[in-house]
A.B. asks: 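After the structure tokens below, expect a handful of questions from me.
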Protein chains: 2
Amino acid sequence: MEKEWRRSMPLLSMNIVMQLTGLTARQIRYYEEHELVQPARTEGKQRMFSLDDIDTLLEIKDMLSTGVNIAGIKQIFEMKKNPAAKNDTKQVITDAQLRAIVKEEMQIAQRHQRASLRQGDLSRFFR
Amino acid sequence: MEKEWRRSMPLLSMNIVMQLTGLTARQIRYYEEHELVQPARTEGKQRMFSLDDIDTLLEIKDMLSTGVNIAGIKQIFEMKKNPAAKNDTKQVITDAQLRAIVKEEMQIAQRHQRASLRQGDLSRFFR
DNA sequence: TAGTATATGTCATGTTAGCTAACATGTCAA
DNA sequence: TTGACATGTTAGCTAACATGACATATACTA
């Protein structure tokens, strides 16, 4: 789409971006240093920002004010880029272990009649 | 599914959870305080954890070691719960503003022949 | 009933993240 | 060529985060 073009074109100088975002140059460089933005560069090494960059910066600003730190923001950005990421809660406990633990717990529980929360015949869930 | 049952059943005492996760009681309580886990309680107010809770705790431990802070973890958990969340980069700059900015920039650029990055006739993208 | 395990709350502390300030140097429009 | 603007770097401040450490009270276990 044509619009995408515009938003990703590096046109804006540091100066303008500072005004547009209310961030200091140092802050912006800091975020770049931590790979949260990747502005383009002129041949003379000066940063040129796209409007997407602006949005990103504003997002950063927003999340920081929420208490999320740089590492967190980075993580979140990655999740957005790759929503399919194998980010499922990795089951560190296997079903085998699980069964063992549960079994043991159940025995203790039965021995002492302290199936506190779920009263009744819990054992039907495990064998 | 039957398995889900097991994993979400609150069975495990603080003691066991500490061993299973390698976390201190203080840490676990701290995470609960910040609403990252919601263990069930016995009538006597004692925490009872499910295996899902364990997974959550291990995830927290992992992310913390990665440098993500509590606020970030919270945010990420919410994103997982609600992937559809209106988390699209909110366009703080309207297309109108955008056009104005770009136009101005373009004029300067043309005046000074410094369309630095993208050489050529940029103006065809904007009017 | 004694003893161990938890709960909750408060105070303390180390570490570090995010930032400011200040340079000396380099770019770039006029 | 000049002055405003940017650059990378270094040094240092400050606030807060995540835990530890206690103290006291209540809950379980034996």
Side-chain angles (χ1 to χ4, degrees), chain A residues 10-37 39-49 53 57 60-75 105 107-117, chain B residues 10-19 21-49 53 57 60-75 104-117:
Chain A
L11 299 158
L12 308 170
S13 69
M14 181 53 106
N15 193 16
I16 293 178
V17 173
M18 289 173 63
Q19 295 172 190
L20 247 33
T21 62
L23 296 166
T24 69
R26 186 67 187 80
Q27 285 175 299
I28 294 169
R29 285 193 226 114
Y30 186 71
Y31 305 149
E32 184 187 13
E33 191 178 346
H34 288 270
E35 302 173 279
L36 297 182
V37 250
R41 300 289 187 127
T42 67
E43 293 185 11
K45 295 276 188 186
Q46 313 231 159
R47 275 165 259 253
M48 290 300 271
F49 298 82
D53 289 331
L57 286 170
I60 293 169
K61 188 181 182 183
D62 192 59
M63 303 196 74
L64 278 175
S65 78
T66 290
V68 180
N69 65 7
I70 304 280
I73 296 175
K74 211 167 170 176
Q75 193 78 31
E105 280 291 300
Q107 286 172 346
I108 300 173
Q110 281 176 335
R111 242 193 283 132
H112 303 301
Q113 294 99 294
R114 65 159 174 81
S116 42
L117 279 174
Chain B
L11 299 159
L12 308 170
S13 69
M14 190 54 162
N15 189 19
I16 293 180
V17 173
M18 287 173 65
Q19 296 172 190
T21 61
L23 296 166
T24 69
R26 181 68 226 279
Q27 286 174 301
I28 295 169
R29 289 196 214 105
Y30 185 71
Y31 305 151
E32 184 188 13
E33 192 178 347
H34 288 270
E35 303 173 280
L36 297 182
V37 249
Q38 294 85 24
R41 301 289 187 126
T42 68
E43 292 184 10
K45 293 277 191 185
Q46 313 231 158
R47 276 164 259 251
M48 291 296 272
F49 298 84
D53 288 332
L57 286 170
I60 293 169
K61 188 182 182 183
D62 191 59
M63 303 197 72
L64 278 174
S65 79
T66 291
V68 181
N69 65 7
I70 303 282
I73 296 175
K74 208 166 174 179
Q75 192 77 32
E104 193 173 339
E105 280 291 300
M106 286 306 305
Q107 287 171 347
I108 299 171
Q110 282 176 338
R111 245 191 283 128
H112 302 303
Q113 292 103 296
R114 64 157 173 84
S116 43
L117 280 175

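These numbers were taken from a predicted model, which means no experiment stands behind them. Note on naming: letters A, B, ... go to the chains in the order of the sequence lines (proteins, then strands), and numbering restarts at 1 for each one.
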A.B. asks: Determine, for nucleotides 6-22 of chain D in 5'-to-3' order, which nucleotides have protein heavy atoms under 4.0 Å from the base (write B), from only the sugar-phosphate (write S), or from neither (write -).
C.D. replies: SBB-B------SBBBB-
A.B. asks: B/R29 versus B/R47: any side-chain heavy-atom pair under 4.5 Å?
C.D. replies: yes
A.B. asks: According to the salt bridge (Lys or Arg N to Asp or Glu O under 4.0 Å) rule, which pairs have a member within residues 66-75 of chain A, sequence neighbours left out?
C.D. replies: A/E35-A/K74
A.B. asks: What distance separates B/M18 CE from B/I28 CD1, expressed to the nearest 0.5 Å?
C.D. replies: 6.5 Å
A.B. asks: Hey, what do you get for CE (B/M48) to CG (B/D53), rounding to the nearest 0.5 Å?
C.D. replies: 11.0 Å
A.B. asks: Going from CG on B/L57 to CG on B/L36, what distance comes out if it is rounded to the nearest 0.5 angstrom?
C.D. replies: 9.0 Å
